Amino acid sequence: MLVNKDLNLLLVFSTIWEERNLSKAAARLFLTQSAVSHALKRLRAEFQDPLFVRASKGVAPTDFAQSLAMRVQQLLLQVEDIYQADSSFDPRSSKRTLVLVAGDYFSVSMLEGFVARLTVQAPHVRLVIRPVINVFQLDKFETGEIHVAITAIDVAAKDGFHFQEISRDKVSICVRKDHPLIRRKVSTEKYLKAKHLNVSNFGSDRGVVDEHLDTIGEKREVALVASSFYDAARLVRSTDLVLSAPHQICQGLAKEYDLAVYSFPFDFRSRSISMIWHDRTDQDPFHTWVRKLILE
C-alpha cells in the first residue's frame with residue numbers, strides 16, 4: 001500500500017539515476033547535497049538495497065536499482081500527466097464517455113450537427129444519450145452518472161448546479177400538407193376547431209399551449225397524446241391532427257416527414273432551451289469543451 005510512502009523519494013531516485021552524481025542531482029532538484037544524501041538513505045531503507053554505490057566519477061546503480069529505474073520513471077510520468085491534465089487536454093486523443101440527457105428537441109434540431117462535429121473533433125469519445133425524464137434525477141449529476149442536460153423543462157434550482165440558456169424558440173404548428181382545414185394561414189378559429197395532438201413524457205393531455213389558452217379563456221381539443229415528436233410526426237402525416245411544437249422541431253419534422261409548418265395564431269412567449277450541469281464537471285476541461293461544442 002502507498003500509505004505513508006513519500007513519492008518525492010522516487011523523484012530523487014530518478015534524478016540520481018539520470019545524473020549518476022549526487023551533487024548534480026541536488027542541483028537539478030534545488031536541494032542541498034546533504035538533503036539528497038538523506039533521501040537516498042531513506043530509499044535504501046525502503047527497498048533494503050544500496051541502490052547506488054560509489055564509482056570513479058560519482059555513483060553507479062546496483063542491479064536492483066537497474067530493475068527499478070524504468071518502472072519509477074513511468075510512474076513519475078503518469079503522476080505528471082495527472083497534474084498537467086488541464087493544460088494538455090486534446091479532444092482528438094480523449095477517450096472519455098459523455099452522458100447527455102436530452103429530449104426530442106435536441107434530437108430533431110441539434111443532434112445530427114453535434115454528432116458530426118464530435119465525430120471529427122473527438123473521434124474516440126463515446127456518447128450516451130438518456131431520455132429527458134432523467135433531468136429530474138439531480139443526484140445522478142452529483143455522482144457523475146449524468147454530465148449535462150439540454151431541456152426546455154423548468155428544473156428547480158439547487159446549490160451546485162449551473163444553468164445556461166442556449167436558445168429561445170417560438171411555438172409553431174405542424175400539419176400534413178393537404179390538411180383540409182388549414183391552408184396558407186392558420187386563424188384562431190381554425191386552430192380551435194381542429195383536433196390536436198399533444199406530446200408529453202408524462203402522458204399528459206395538457207401542455208404549455210393549453211396553459212396559455214387558459215389565460216385567454218380558450219380551449220383546444222386534444223384527441224391524442226404521444227410520448228415522442230417522431231411518433232407525433234408520423235401520426236400528423238397520416239391524419240388531420242394538428243401538432244403545436246417549438247419551431248425548430250416543426251422545421252426538422254417537416255423536412256423529414258414532408259409536413260407543412262405555420263405560425264401559431266396566438267401571441268405566445270418564446271420558450272427557453274437550457275443546458276444544465278453540476279459543479280462536478282464545471283471546471284473539467286473535457287466537459288468545458290463539450291459545452292462549447294453544444295453552444296456552437
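Bear in mind the structure is a predicted one, so any value in this text is a computation, not a measurement.
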Visitor: Under 6.0 Å from the NZ atom of Lys24, do we count more than 12 heavy atoms belonging to anything else shown?
Guide: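 12 or below, so no.
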Visitor: Flag the pair Asp210 and Arg220 as a salt bridge only when some basic side-chain nitrogen lies within less than 4.0 angstrom of an acidic carboxylate oxygen.
Guide: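 Result for this pair is yes, salt bridge flagged.
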Visitor: Can Arg206 and Asp214 be counted as an ion pair, charged N to O under 4.0 angstrom?
Guide: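 Salt bridge flag = yes for Asp214 with Arg206.
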Visitor: Look only at the side chain of Asp205 and the backbone of Asn198, and say whether a donor-acceptor pair between them is shorter than 3.5 Å.
Guide: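 Between the backbone of Asn198 and the side chain of Asp205 there is no qualifying donor-acceptor contact (under 3.5 Å).
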Visitor: Near Glu165 CD, under 6.0 Å, is it more than 12 heavy atoms from other residues, nucleotides or ligands?
Guide: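 Correct, the count exceeds 12.
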Visitor: Answer with yes or no whether the hydrophobic clustering places Phe264 together with Val261; edges join I, L, V, M, F, W, Y residues whose side-chain heavy atoms lie under 4.5 Å apart.
Guide: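 No; tracing contacts between hydrophobic side chains, which count when under 4.5 Å, never links both residues.
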Visitor: Taking side chain to side chain contact (heavy atoms under 4.5 Å, CB included) as the definition, give me every residue that meets it alongside Ser270, ordered by chain and number, with sequence neighbours left out.
Guide: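 With neighbours one apart ignored, the set is Arg168.
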Visitor: Under a 4.5 Å cut-off applied to non-hydrogen side-chain atoms, are Leu40 and Val12 in contact?
Guide: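 When only atoms from C-beta onward are counted, Val12 and Leu40 do not touch, as no gap falls below 4.5 Å.
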Visitor: Could you pull out the closest heavy-atom pair between His147 and Gly144, with the gap in Å?
Guide: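 Nearest pair, atom of His147 first, then Gly144: NE2-O, 3.3 Å.
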Visitor: With heavy-atom distances below 4.5 Å as the criterion, would you say the side chains of Arg271 and Val208 are in contact?
Guide: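 Answer yes - side chains close enough.
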Visitor: For the pair Arg234 (side chain) and Phe229 (backbone), establish whether a donor and an acceptor sit closer than 3.5 Å, ignoring hydrogens and angles.
Guide: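 No, the answer is negative, given that no donor and acceptor are paired below the 3.5 Å cut-off.
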Visitor: So do the side chains of Trp17 and Arg20 get within less than 4.5 Å of each other, counting heavy atoms only?
Guide: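 In contact.
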Visitor: Please list, one pair per line, the donor and acceptor atoms closer than 3.5 Å that link side chains of residues 131-139 to other protein atoms, with sequence neighbours excluded.
Guide:
{"residue": "Asn134", "atom": "ND2", "partner": "Pro131", "partner atom": "O", "Å": "2.9"}
{"residue": "Gln137", "atom": "OE1", "partner": "Lys140", "partner atom": "NZ", "Å": "3.3"}

Visitor: Scan side-chain atoms only and decide if Thr143 and Glu145 contain a donor-acceptor pair under the 3.5 Å cut-off.
Guide: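 Thr143 vs Glu145: donor-acceptor pair found between side chains.
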Visitor: Side-chain contact test, heavy atoms from C-beta onward, threshold under 4.5 Å: evaluate it for Leu213 versus Val209 and give yes or no.
Guide: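 The answer is yes, as the side chains (C-beta and beyond) meet within the 4.5 Å cut-off.
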Visitor: Looking at Pro265 and Ser187, what are the two nearest heavy atoms and their distance?
Guide: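 Closest approach of Pro265 to Ser187, heavy atoms only: CB-C, 3.9 Å.
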Visitor: Flag the pair Phe106 / Ile273 as yes when at least one side-chain heavy-atom distance between them is below 4.5 Å, and no otherwise.
Guide: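 Of all side-chain heavy-atom pairs linking Ile273 with Phe106, none is under 4.5 Å.
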Visitor: With a 3.5 Å cut-off and no angle check, do the side chains of Ser244 and Tyr191 form a donor-acceptor pair?
Guide: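 Checked: Ser244/Tyr191 side chains pair up, N/O donor to acceptor below 3.5 Å.
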Visitor: Which word best sums up how the rings of Phe47 and Phe13 line up, parallel for under 30°, tilted for 30 to 60°, or perpendicular for over 60°?
Guide: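 Rings of Phe47 and Phe13: tilted, 30 to 60°.
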Visitor: Between Phe52 and Thr62, is there a side-chain heavy-atom distance shorter than 4.5 Å?
Guide: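 The answer is no; the side chains never approach within 4.5 Å.
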Visitor: Restricting to non-hydrogen atoms, name the atom on Ala65 and the atom on Pro61 that form the minimum distance, rounded to 0.1 Å.
Guide: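 Here Ala65 and Pro61 meet closest at CB-CB, 3.9 Å.
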Visitor: Let's go through Glu19 and Arg28 carefully: what are the C-alpha distance in whole Å and the side-chain angles of both, what is the deciding distance for salt bridge (charged side-chain N to carboxylate O under 4.0 Å, His left out) to 0.1 Å, and is it a yes or a no?
Guide: CA-CA 9 Å; Glu19 296 292 344; Arg28 269 185 58 183; 3.0 Å; yes
Visitor: What about Phe268 and Phe266, are their ring centers closer than 6.0 Å?
Guide: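 Not close enough - the centres of the two rings lie 6.0 Å or further apart.
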Visitor: Do Arg280 side-chain atoms and Glu142 backbone N/O form a donor-acceptor pair below 3.5 Å?
Guide: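 Checked: pair present.
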Visitor: Which atoms form the tightest heavy-atom contact between Ala25 and Ile16, and what is the distance?
Guide: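 Where Ala25 meets Ile16 most closely, the heavy atoms are CB-CG1, 3.9 Å.
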Visitor: Nearest 0.5 Å please: distance from the CD1 atom of Ile146 over to the CG atom of Leu100.
Guide: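 Reported to 0.5 Å precision, the distance equals 9.5 Å.
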Visitor: To the closest 0.5 Å, what do you measure between OG (Ser94) and CG (Asp90)?
Guide: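 Ser94 atom OG to Asp90 atom CG measures 8.5 Å (nearest 0.5 Å).
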Visitor: Please identify each residue that fulfils side chain to side chain contact (heavy atoms under 4.5 Å, CB included) with Ser227, with sequence neighbours left out.
Guide: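 Partners of Ser227 under the side chain to side chain contact (heavy atoms under 4.5 Å, CB included) test: Asp231.
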Visitor: Taking NZ, NE, NH1 and NH2 as the nitrogens, is one of them in Arg176 or Asp178 under 4.0 Å from a carboxylate oxygen of the other?
Guide: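 Between Asp178 and Arg176 there is a salt bridge, with a charged N closer than 4.0 Å to a carboxylate O.
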Visitor: Mind checking the CD1-OH spacing from Ile173 to Tyr262? Nearest 0.5 Å is all I need.
Guide: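 Between Ile173 CD1 and Tyr262 OH, I get 9.5 Å after rounding to 0.5 Å.
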Visitor: In chain order, what residues pass the side chain to side chain contact (heavy atoms under 4.5 Å, CB included) check against Leu11, with sequence neighbours excluded?
Guide: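 If we apply the side chain to side chain contact (heavy atoms under 4.5 Å, CB included) test to Leu11, skipping adjacent residues, the hits are Thr15, Leu29, Leu76.
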Visitor: Has Phe202 got more than 12 heavy atoms of other residues, nucleotides or ligands less than 6.0 Å from its CZ?
Guide: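 For Phe202, atom CZ is crowded (more than 12 foreign heavy atoms under 6.0 Å).
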Visitor: For residues Ser23 and Gln33, report the shortest heavy-atom separation together with the two atoms involved.
Guide: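 Taking every non-hydrogen atom into account, OG-OE1, 2.7 Å.
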Visitor: Within this structure, what is the CG-OG distance for the pair Leu235 and Ser228, rounded to the nearest 0.5 Å?
Guide: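 Leu235 atom CG to Ser228 atom OG measures 10.0 Å (nearest 0.5 Å).
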Visitor: Please assess Leu118 against Leu127 for the test side-chain contact (heavy atoms from CB on, under 4.5 Å), listing each intermediate value before the final yes or no.
Guide: CA-CA 9 Å; Leu118 186 69; Leu127 176 63; 4.2 Å; yes
Visitor: I would like to know whether Ile216 and Asp267 meet side-chain contact (heavy atoms from CB on, under 4.5 Å); could you show each step before the answer?
Guide: CA-CA 10 Å; Ile216 58 175; Asp267 290 331; over 6 Å; no
Visitor: For residues 286-296, run the donor-acceptor check on the side chains, cut-off 3.5 Å, and write out each pair with its distance to 0.1 Å, sequence neighbours left out.
Guide:
{"residue": "Thr288", "atom": "OG1", "partner": "Asp282", "partner atom": "O", "Å": "3.4"}
{"residue": "Thr288", "atom": "OG1", "partner": "Asp284", "partner atom": "O", "Å": "2.9"}
{"residue": "Arg291", "atom": "NH1", "partner": "Thr281", "partner atom": "O", "Å": "3.4"}
{"residue": "Arg291", "atom": "NH2", "partner": "Asp282", "partner atom": "O", "Å": "2.8"}
{"residue": "Glu296", "atom": "OE1", "partner": "Arg117", "partner atom": "NH1", "Å": "2.8"}

Visitor: Under the side-chain contact (heavy atoms from CB on, under 4.5 Å) rule, what do Asp279 and His162 come out as? Steps first, then yes or no, please.
Guide: CA-CA 7 Å; Asp279 269 342; His162 300 261; 2.6 Å; yes
Visitor: Quick check: do Lys57 and Asn21 have side-chain heavy atoms less than 4.5 Å from each other?
Guide: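 Heavy-atom side-chain distance check fails, nothing below 4.5 Å.
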Visitor: Rounded to the nearest 0.5 Å, what separates atom CZ in Phe114 from atom OG in Ser109?
Guide: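 These two atoms lie 12.5 Å from each other.
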Visitor: Work out which heavy atom in Cys174 is nearest to a heavy atom in Cys250; give both atom names and the distance.
Guide: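 The answer is CB-SG, 3.8 Å.
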Visitor: About how many Å separate CG of Leu43 and CG of Leu10, when rounded to the nearest 0.5 Å?
Guide: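 Here the interatomic distance stands at 7.0 Å.
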Visitor: Which ILVMFWY residues are connected to Val222, directly or by a chain of links, through side-chain heavy atoms under 4.5 Å apart?
Guide: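 Noted: Val222 shares its cluster with Val225.
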Visitor: Applying ring-ring contact (aromatic ring centres under 6.0 Å, His included) between His278 and each of Phe161, Phe141, Phe163, report the one that passes.
Guide: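 Answer after filtering Phe161, Phe141, Phe163: Phe161.
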Visitor: So do the side chains of Asp49 and Arg44 get within less than 4.5 Å of each other, counting heavy atoms only?
Guide: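 Asp49 does not reach Arg44 side chain to side chain.
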Visitor: Salt-bridged, Lys195 to Asp240, with N to O below 4.0 Å?
Guide: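 So Lys195 does not pair with Asp240 through a salt bridge.
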Visitor: Please say yes or no: joined through hydrophobic side-chain contacts below 4.5 Å, possibly via intermediate residues, are Val53 and Val72 part of one cluster?
Guide: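 No, separate clusters.
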Visitor: Salt bridge or not for Arg237 and Asp258, using N-O below 4.0 Å?
Guide: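 Salt bridge between Arg237 and Asp258, a charged N being under 4.0 Å from a carboxylate O: no.
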Visitor: Apply side-chain contact (heavy atoms from CB on, under 4.5 Å) to the pair Val171 and His247, showing each step before the final yes or no.
Guide: CA-CA 5 Å; Val171 172; His247 181 70; over 6 Å; no
